[in-house]
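Worksheet: the structure to be examined is printed underneath.
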Amino acid sequence: MKCTADSVLSIEDLHIHFPTDQELIRAVNGVSFSIPRGRTLALVGESGCGKTVTAYSILKLIEKPGKIVSGKITLYPKEENPVAIASLHPKSDTLYRLRGQMVSMVFQEPMTALSPVHTIGSQVAESLRIHENKSRKQAEALTVDMFRRVGIPGPRARLKQYPYEISGGMRQRVVIAMALICQPELLIADEPTTALDVTIQAEIMNLMKELQKQMNLSILLITHDLGLVAQNADDVAVMYMGRIVEQGPVRKIIKTPRHPYTIALLKSLPGLHPAGEPLESIRGSVPSGACIPPGCPFHPRCKYAQKNLCDRGRPPESQPLSPDHRVACLRAEEIQA
Amino acid sequence: MTTQNKMPLLSVRDLCKYFHLPCGRRWSRKTISVKAVDHVSFDLYPGETLGLVGESGCGKTTTSRAIVRALRPTRGKILFSDSGTPVDLACLSERQLKKIRPKIQMIFQDPFSSLNPRMTIGSIVTEPLVINKIGNAKTRKEQMAEMLTKVGLKPEDAARYPHAFSGGQRQRIGIARALILKPSFVICDEPVSALDVSVQAQIINLLRELQRQFEWTLIFVAHDLNVVRYISDRVAVMYAGRIVELGDTETVFNQPGHPYTKTLLSAIPYPDPDRKMEYKHMGQVADPGHLPAGCSFHPRCSHCVELCRQKQPDLIAQGDDHFIGCHLV
């Protein structure tokens, strides 16, 4: 996917490292993607593949000792000049303004994303008061309106409640209200429904889709659940060990995956499997980011890996199979799911 | 699976577990009773897998804990007939329980907190033998090595500590610990929900393989309906402490009878962009502390009639081995 004029975000060749006392952990190694306005890009991968770190880097929320080593992150606000994020100081005014106003986040655990000692009303109104200089009254009215839009029943009475008084699904709605109250252009949703039940998950995802349509919102959806991806994303980028191994429109990735990792992930889902046959699993587990295997990082677990081809040299570059479908595999041409 | 002509290994009858929580002002003696498990009955036949599904707070974990007597049930019978004569686990003393416990083992959800970080893998896996005074040091070590190989680890791993292993490997250690006593009945409480998809498949395959080898009877508690469908022979759907539907996995998934099961199934995101979800909003889960009168699902049910508000439905057989707890079937 090339960066087009109508993107909200583009990331080019991003590298993020975490130097520790003992070793250097390479969390993100050359990630590039862009998100078109009004669409949903899903970043998929197992834990430790670098998807969360990539997302956090967009707002420079990476904690020490993590560092953006190289690469470009550019945000394109609607009525302003593009902003290059990677070179900004983490405490700069520009970032302070962008956070919450142009880009906002929804986190995995709604309980830890909310302050336990403030009422939910004041937490949601806070960003209005800070970013848009609204008076207490105005902010309250807008909050009530937002609560109504995210489907919180009895919004006015809820303003004065604390997070412990409401259920998990309601809390996630509050977090979404908080994220959307300043009408951002990009919403980063980091595993927004992992902590919730399927029924609540369905409700939250439907709500996000609904609001996306109303507000022409772009969403970066971070998840490990391919079912959620198939139902909600427009484009997909599959990550493994800090690299995007395959990216393209959702239908192509799910129906005709070409990277062995994507193929294996889809085959290991019990939902797509006839009962009785053993599930196809990927052998071994994800290696640590400190000792990335040479050659293609996936080769030790790959069933298509070829000796003397996949296990040496530099990791394979991402090649276009068709204009909108890119795969980083040396044998992508031969492999059919 | 033909279940009619066999003796059940476990039959649970009217199992109830109520928790009494303080309510009202501080120091007041008022309590409310939370009906975590309410009149649950089912049979489990040797060699089969029963999946327990439902949303969080529906009582699936409490049910499984009451069965292993990690909790004392408020009421009800848990008849376990491993050696021919049924024993009621619900009213055994701790000492009597200790004799029977090796037959019943449990595999836990979180592979990180269920292993003691200060014990080596070897001592974690042999501990059940030590507690039950089985064998001597040498035979225990041999058995431990055998179990580790069975679950796909190396006998050399015995000297290492849990922190050296990944999530999937730790779950294998948990399985080896349950396996070493040669149980006939194993309860898995969300064994794969903390794992990544690719590792999840490895563990599910391992559980199925071991079940075949050792003829385990399994209760498989999970909230991931796809996993439950894949591994279970029969499924029990729980809502607010009760079983609302019980039957053959394929019957329940293909022809769900209870409106709750239907909604639950419609909420599964299917990994196919062409098959859109048909989930409809249905409001809040019932609070087990303040259950509505009548059928506890009625405030969320779109088919609700007057009878549902007044009378709690019983679980009634609809065809072969398919039980539904709804007035309107």
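What's counted below: heavy atoms across the whole structure, side chains too, no hydrogens, waters or symmetry copies.
Interface check for chain A: of the options Pro273(B), Ser166(B), Ser266(B), the most heavy-atom pairs under 4.5 Å are formed by Pro273(B). Heavy-atom pairs under 4.5 Å with chain B peak, among Ser167(A), Gly227(A), Gly48(A), at Gly227(A). Heavy-atom pairs under 4.5 Å with chain B were tallied for Ala233(A), Pro153(A), Gly168(A), Ala202(A); the largest tally goes to Ala202(A). Comparing Arg301(A), Glu46(A), Arg283(A) by how many heavy-atom pairs each has under 4.5 Å with chain B, the most go to Glu46(A). Interface check for chain A: of the options Gly152(B), Ser232(B), Ser198(B), the most heavy-atom pairs under 4.5 Å are formed by Ser198(B).
Nearest heavy-atom pair, Arg258(A) versus His325(A), reported as atom, atom and distance to 0.1 Å: CG-CE1, 4.0 Å. The shortest heavy-atom contact between Phe112(B) and Gly167(B) is CZ-CA, 4.0 Å. The two atoms that bring Leu207(A) and Arg149(A) nearest to each other are CD1-O, 3.7 Å, heavy atoms only. In terms of heavy-atom proximity, Gln171(B) sits nearest to Phe108(B) at NE2-O, 3.3 Å.
For Asp225(A), the part sitting under 4.5 Å from any heavy atom of chain B is the side chain, from C-beta outward, and nothing else. Heavy-atom distances place no part of Met205(A) under 4.5 Å from chain B, backbone and side chain included. Looking at Asp272(B), both its backbone and its side chain come within 4.5 Å of chain A, counting heavy atoms on both sides. Both the backbone and the side chain of Ser56(B) come within less than 4.5 Å of a heavy atom in chain A. Looking at Gln200(B), the atoms closer than 4.5 Å to chain A (heavy atoms on both sides) all sit in the side chain, from C-beta outward. Neither the backbone nor the side chain of Ile203(B) comes within less than 4.5 Å of any heavy atom in chain A. For a residue to count as touching a neighbouring chain, one of its non-hydrogen atoms must lie under 4.5 Å from one of that chain's; by this rule Asp274(B) touches chain A with backbone and side chain alike. At a 4.5 Å heavy-atom cutoff, the contact between Ile254(A) and chain B is made by side-chain atoms alone.
Contact check on Asp38(B) versus Arg242(B) returns a salt bridge, with a Lys/Arg side-chain nitrogen under 4.0 Å from an Asp/Glu carboxylate oxygen.
Here the two rings, on His258(B) and Tyr239(B), have centers that are 6.0 Å apart or farther.
A donor and an acceptor atom, one from each side chain of Glu48(B) and Thr217(B), are nowhere located under 3.5 Å apart.
Atom NZ of Lys252(A) has more than 12 heavy atoms from other residues, nucleotides or ligands within 6.0 Å.
Side-chain atoms of Ile173(B) and Phe165(B), non-hydrogen and from C-beta on, do get closer than 4.5 Å to each other.
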